[in-house]
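Worksheet: one structure, shown below.
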There are 2 protein chains.
Amino acid sequence: MHDKMNHELNPRISADCVIFGFDLNKLNVLLIERETVVGLDTYKALPGDLIFEDEPLDTAANRVLNELTGLEDIYLEQVGAFGDPDRLSKPQDRAWLKAVRQDPDARVITIGYYSLVGMNNYVPQPASFARAATWIPIEEIGELAFDHRQILDGALKKLKEKLNVQPIGFNLLPEKFTLSQLHRLYEAILGVELDKRNFRRKMLKMDILESLEERQEGVPHKPSQFYKFNEQKYHDLLKTGFDNFAF
Amino acid sequence: MHDKMNHELNPRISADCVIFGFDLNKLNVLLIERETVVGLDTYKALPGDLIFEDEPLDTAANRVLNELTGLEDIYLEQVGAFGDPDRLSKPQDRAWLKAVRQDPDARVITIGYYSLVGMNNYVPQPASFARAATWIPIEEIGELAFDHRQILDGALKKLKEKLNVQPIGFNLLPEKFTLSQLHRLYEAILGVELDKRNFRRKMLKMDILESLEERQEGVPHKPSQFYKFNEQKYHDLLKTGFDNFAF
DNA sequence: GGACCTTTGTGTCAAAAATACACTTTGCGA
DNA sequence: TCGCAAAGTGTATTTTTGACACAAAGGTCC
């Protein structure tokens, strides 16, 4: 419990955010395009930055996210801490750090966060203050800066687990949505096929959806019914304890 | 992404460990007894300490745990990062920090870990190198140092969630155990009553237990059968994917 | 306008799992 | 030998899962 001279770490802390969105077809993640120092390639990273002194972790994550993407008031859930001593040691990463950080050699431990947003709520501005934050379909994401790939994978795993415990995913959809869209969303997150009829049966039995009068228009096939999410019933359900949300 | 002068945090990082054990009756947590500075009261805390430079987080957690309790090679799972700026601000905590730390005012962000051990594997030595680490039944734990109560609660929540996804808990029991003991363990972790017959049926159907010839002796009632955990079958099961571990 | 394409939307049956529930057995101690 | 305490066991009912195929609606294209 005593200080160990010259052994202790005096690192920096950052927050990195994995923001999931759904374009009614595929699951996407909001990534920052960075220019490499040579200025040729671009180079993708999670929105993240160092946190301030006296700033709570959650607050920092929200601030950083807002600064880099413009997103505001997002409920962020923690993925965990990522602190490998060599997590910043790839050559590309080192170059970037040297160009940008006061103390590029400092160890940085990052706290990963994730969230879900409706993609309509965030349309990246072509060349705005948000330095080229863009939605990338999750299957097209390859390597990322630092250990961000690992953070992303951790976030996706937590998201899957969470989906089996409580019905989420409503944040990822527009206010009015069809059951097919919700169905595709579940398949996109879980990465498996789900039987259409069984999915509908189970989802409707939860009794957290309200069917609207409105239907799709202008589609070259049978128009589908719109539904909306009933928050009241959802919260009641959470309180009375839940089971059976797994697919 | 640029450094923000004088705003950045240069905090310290610690690791705190929540170690669960089971005495065949109640769930226990391994806590450190600290003397308060006044030397009268004792004062309980999770085993934890600052991490070293260039030390991976998981390694640090294991080292710290070993230094404080003597436990070795424990598989630790992360609970998350706890970094409230005022998490060290209770008067008792401040006094302790002043007495013990070089820089008692530094902000400390801690990474919480948890694990399960068989209580036989760790019998606290009365006044040994392990500075009074003791098992405390979980219902008797009140306030703890810093935000350790919060870390403990987080760890217990994760443990419950995990128990519903995969059958664990074998680490918490002696090598040979009875189904009643396992039953009590599940009830202790989940905090609910489970029907005896249904519990047995389900547990046996998983086919990861082996019944031994041996039976209890010297008990003033029908002696129960001993079982042991079959690791081979368990790992096979994990690979083929699992469902139905929930109670 | 008719053929065609695409997606929506719906029901049943069988198998598996969950739940509720009570009495007999065993061994020790008095 | 009686009583006590915990172990161990089976069944009937309900609920949930999983597999599976075809009609309905609306646009497009000729």
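Order of the sequence lines sets the chain letters (A, B, ...), proteins ahead of strands, with each chain counted from 1.
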Separation of atom NE2 in His183(A) from atom P in dG9(C), rounded to whole Å: 13 Å

Proximal nucleotide (of dT7(C), dT17(D), dA7(D)) relative to the Lys205(A) side chain: dT17(D)

Salt bridge Lys157(A)-Asp153(A), side-chain N to carboxylate O under 4.0 Å: no

Upstream residue (5' side of DNA chain C) when Gln225(A) and Asp195(B) are each assigned their closest nucleotide: Gln225(A)

Backbone N/O of Phe199(B) and side chain of Tyr186(B): donor-acceptor pair under 3.5 Å: no

Distance below 4.0 Å between Lys202(B) side-chain N/O and dA18(C) OP1 or OP2: yes

Between dA18(C) (P) and Met203(B) (CE): distance, integer Å: 12 Å

Atom-pair distance (CZ on Arg215(B); P on dT26(C)), nearest Å: 9 Å

With Asn198(B), the side-chain hydrogen bond (donor to acceptor under 3.5 Å, both in side chains) member among Arg201(B), Arg200(B), Lys202(B): Arg201(B)

Nearest-Å distance for atom pair CG/P, residues Leu194(B) and dA20(C): 12 Å

Options dT8(C), dG29(C), dT9(D), nucleotide nearest the side-chain atoms of Lys196(B): dT9(D)

More than 12 heavy atoms from other groups under 6.0 Å of CD on Glu139(A): yes

Of the listed nucleotides dG9(C), dC21(C), dT10(C), the one nearest the side chain of Arg197(B): dC21(C)

Separation of atom CZ in Phe177(B) from atom P in dA7(D), rounded to whole Å: 15 Å

Whole angstrom value for the distance that separates C1' of dA20(C) from CD of Glu193(B): 14 Å

Between P of dT28(D) and CD of Glu217(A), the distance in whole Å: 13 Å

Separation of atom CG in Leu182(A) from atom P in dG9(C), rounded to whole Å: 12 Å

Sugar-phosphate, base or nothing in reach of Gln216(A), heavy atoms under 4.0 Å: nothing

Heavy-atom donor-acceptor pair, Arg201(B) side-chain to dT19(C) base, under 3.5 Å: yes

Residue Arg200(A), side-chain heavy atoms: nucleotide from dA24(D), dT10(C), dG8(D) that is nearest: dT10(C)

Shortest side-chain distance from His221(A), nucleotide among dA20(C), dT26(C), dA25(D): dA25(D)

dT7(C) OP1/OP2 closer than 4.0 Å to side-chain N/O of Ser224(A): no

Side-chain donor-acceptor contact under 3.5 Å, Gln225(A) with Tyr227(A): no

